[in-house]
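A short worksheet on the structure shown next.
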Amino acid sequence: MSTQTDVIIVGAGSAGLSAAKELTRLGIAFVVVEASHRIGGRAYSEEIAPDVWFDLGCAYMDVGPDPETHIDESNPFVDFAVEQGAVVKEYLYDSHYIRNGRSLNESEMNARERFYIECQEAVRRSVEGGDDCAISDLIDLESPYATPYMDMMAVTAPKDIDEASAADFFHRVEEHRTFNTLRGYGNLVAQWGSDVDVSLNSKVERIDWSGKGVVVKTSKGTIKGRCLICTVSNGILAAQHIHFKPRLPDWKMSAVQAVPMGAENKIGVHFTREVFAPEDSGYYQVWSDSAQGAYVDVNLMSTNVVTVFIGGRFSIWMEQQGQQAARDFAVDRIADIFGNDIRQSVGRSIVTAWVTDPWTLGSYASALPGQYHQREFLSLGVDNKLFFAGESTARFCGFCHGAYWSGVRAAQEASAALK
Ligand SMILES: Cc1cc2nc3c(=O)[nH]c(=O)nc-3n(C[C@H](O)[C@H](O)[C@H](O)COP(=O)(O)OP(=O)(O)OC[C@H]3O[C@@H](n4cnc5c(N)ncnc54)[C@H](O)[C@@H]3O)c2cc1C
């Protein structure tokens, strides 16, 4: 690792790697330092069964542009996957709703759909009227469909609706198509980033920007740079796991605290036999009057894997209960859908724990009620020397391809500052 460079990039997730590639394109010297033993950050795939990949973080490749905001930032990872010959399939599955072990009938399905649309409309009216309250203030919590709505929101927001800003959620909603890749989104990002020289196991402990450039102390030594691109999560910034000297300005820290990390976790369960019929594949919401519900994806791309998603406070609590409890919860919800016999074919499982992951301290960031306006400060540089990238700063915030584009933007800002 060089000890002197133009730009120091902190973090080798999607944002840090795209910043590095953009600086390479611009002919600017840089050093990338990454605390973990691998690149990719929240893009990470593990083998759940021989040659079957499970994404612990991002799995769904969303593709813009967003017609509402006219943002045209396509997903470069879809093109990369196709170039590499990876199997890519559009997410075009049916949705299923199971309450107390029984599928909703047609009139219940219509009532549920009406309720979800009413919730969406209530959020739109409130935000367009200039308010930014908690989503829970806007919906009918007595509705029989409030429970699955809240389960879905806890995973997507990813916070319970009393802690989620309506404006932040509203502005994240886009029209898009979604794709999955058999090889795993995490593997794809790691393969795409493999040509970037990264110093692994190099935790940044201190960033001194008091002088002309920046001096960065890592667990592997000190590096001097002319400027820096910081791509760590809002969780790491809020916890002050990196000591900035002088400390970051109050306006920056207020924004970081106003858009804290949420909790989304996944439990992947592999089945050892072909237990699913082709029509079983797809998206399920399962809930009951007596137990916590979940949001479930079944057998996408015929992998014999079911992914059970949990979010918000329940997800934080489940991390504390441990892997076995999470696996039991997931298998119970899958049995609610397919019956108890399916338990006999349960194979290996993978349980994520993003809130306690020391390099993220949460899943992805979203604004607290009343704080959406703080988002714009997350992407702003400080002193023409510290630049910020990463999913929380992105226009497609919370997404892997959003993080990618934020890295490109920060690299261009750094390049302009060096002139
Ligand atoms: C459960 C879950 C599901 C998701 N699903 C999707 C999805 O389906 N589609 C989608 O597009 N997105 C999804 N996302 C979001 C997506 O994964 C992230 O937005 C994206 O990967 C973030 O990239 P990043 O570069 O901003 O941050 P990261 O990937 O977190 O990269 C930051 C890097 O900084 C490193 N770091 C931290 N502290 C230090 C330090 N002190 N010194 C040096 N390095 C440090 C970290 O190790 C990490 O590698 C999901 C995320 C989660 C958690």
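A quick note: this is a predicted structure, and the numbers were derived from the prediction, not measured. Both ligands and their constituent atoms are indexed starting at 1 by order of listing.
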More than 12 heavy atoms from other groups under 6.0 Å of NZ on Lys203 |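 Yes - once you tally the heavy atoms of other residues, nucleotides and ligands closer than 6.0 Å, there are more than 12.
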
Near Lys224 NZ, under 6.0 Å, is it more than 12 heavy atoms from other residues, nucleotides or ligands?
->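 12 or below, so no.
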
Those atoms of ligand 1 less than 4.0 Å from some heavy atom in [X]:
| X | answer |
| --- | --- |
| Val33 | 43 (C), 44 (N) |
| Tyr60 | 7 (C), 8 (O), 9 (N), 10 (C), 11 (O) |
| Gly390 | 26 (O) |
| Ala35 | 39 (C), 40 (C), 42 (N), 43 (C), 44 (N), 45 (C) |
| Gly41 | 29 (O), 48 (C), 49 (O) |
| Val10 | 42 (N), 43 (C) |
| Cys400 | 10 (C), 11 (O), 12 (N), 16 (C), 19 (O), 20 (C) |
| Ala15 | 25 (O) |

Backbone N or O of Ser74 within a donor-acceptor pair of the Trp405 side chain at under 3.5 Å?
->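 Yes: the side chain of Trp405 pairs with the backbone of Ser74.
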
Among all protein heavy atoms, pick the one closest to [atom] and tell me residue, atom and distance.
| atom | answer |
| --- | --- |
| atom 31 (O) of ligand 1 | Gly13 CA, 3.5 Å |
| atom 38 (N) of ligand 1 | Val232 CG1, 3.6 Å |
| atom 15 (C) of ligand 1 | Gly398 O, 3.0 Å |
| atom 34 (O) of ligand 1 | Gly11 CA, 3.3 Å |
| atom 23 (O) of ligand 1 | Ala403 CB, 3.5 Å |
| atom 26 (O) of ligand 1 | Glu391 N, 2.8 Å |
| atom 50 (C) of ligand 1 | Cys58 N, 3.8 Å |
| atom 35 (C) of ligand 1 | Glu34 OE1, 3.3 Å |

Using a plain distance cutoff, I'd like to know if [X] has any nitrogen or oxygen under 3.5 Å from a nitrogen or oxygen of ligand 1.
| X | value |
| --- | --- |
| Lys203 | no |
| Val204 | yes |
| His401 | no |

Residue part near ligand 1, for [X], under 4.0 Å between non-hydrogen atoms:
| X | result |
| --- | --- |
| Ser363 | both |
| Ile242 | side chain |
| Trp359 | both |
| Ser202 | backbone |
| Leu56 | backbone |

Among side-chain atoms of [X] and [Y], is any donor-acceptor pair under 3.5 angstrom?
| X | Y | result |
| --- | --- | --- |
| Glu319 | Asn265 | yes |
| Asp297 | Tyr60 | yes |
| Gln324 | Asp328 | yes |
| Ser366 | Lys159 | yes |

Tell me whether [X] reaches ligand 1 (any heavy atom closer than 4.0 angstrom to a ligand atom).
| X | result |
| --- | --- |
| Ser233 | no |
| Gly402 | no |
| Thr231 | yes |

For [atom], which candidate among [options] provides the closest heavy atom?
| atom | options | value |
| --- | --- | --- |
| atom 51 (C) of ligand 1 | Phe396, Phe399, Tyr404, Tyr364 | Tyr364 |
| atom 28 (P) of ligand 1 | Arg42, His243, Met261, His37 | Arg42 |
| atom 52 (C) of ligand 1 | Ala43, Gly57, Ser18, Pro358 | Gly57 |

Classify the ring geometry of [X] against [Y]: parallel below 30°, tilted from 30° to 60°, perpendicular beyond 60°.
| X | Y | value |
| --- | --- | --- |
| Phe244 | Phe388 | tilted |
| Tyr145 | Phe115 | tilted |
| Trp192 | Tyr404 | tilted |
| His401 | Phe399 | tilted |

What distance separates Ile236 CD1 from Leu361 CG, expressed to the nearest 0.5 Å?
->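 Between atom CD1 of Ile236 and atom CG of Leu361 there are 4.0 Å.
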
To the nearest 0.5 Å, how far apart are OG in Ser165 and CZ in Arg375?
->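 Between atom OG of Ser165 and atom CZ of Arg375 there are 8.5 Å.
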
Does the ring centre of Tyr283 sit less than 6.0 Å away from the ring centre of His96?
-> no

Centroid-centroid under 6.0 Å between Phe276 and Phe271 rings | yes

Evaluate the criterion salt bridge (charged side-chain N to carboxylate O under 4.0 Å, His left out) for residue pair Lys21 and Asp195; output intermediate values, then yes/no.
-> CA-CA 9 Å; Lys21 285 177 183 254; Asp195 59 349; 2.9 Å; yes

Before giving the answer on ring pair (Phe, Tyr, Trp, His ring centres under 6.0 Å), spell out for Phe314 and Phe329 the whole-Å C-alpha distance, their side-chain angles and the decisive distance to 0.1 Å.
-> CA-CA 11 Å; Phe314 178 70; Phe329 170 81; 5.0 Å; yes

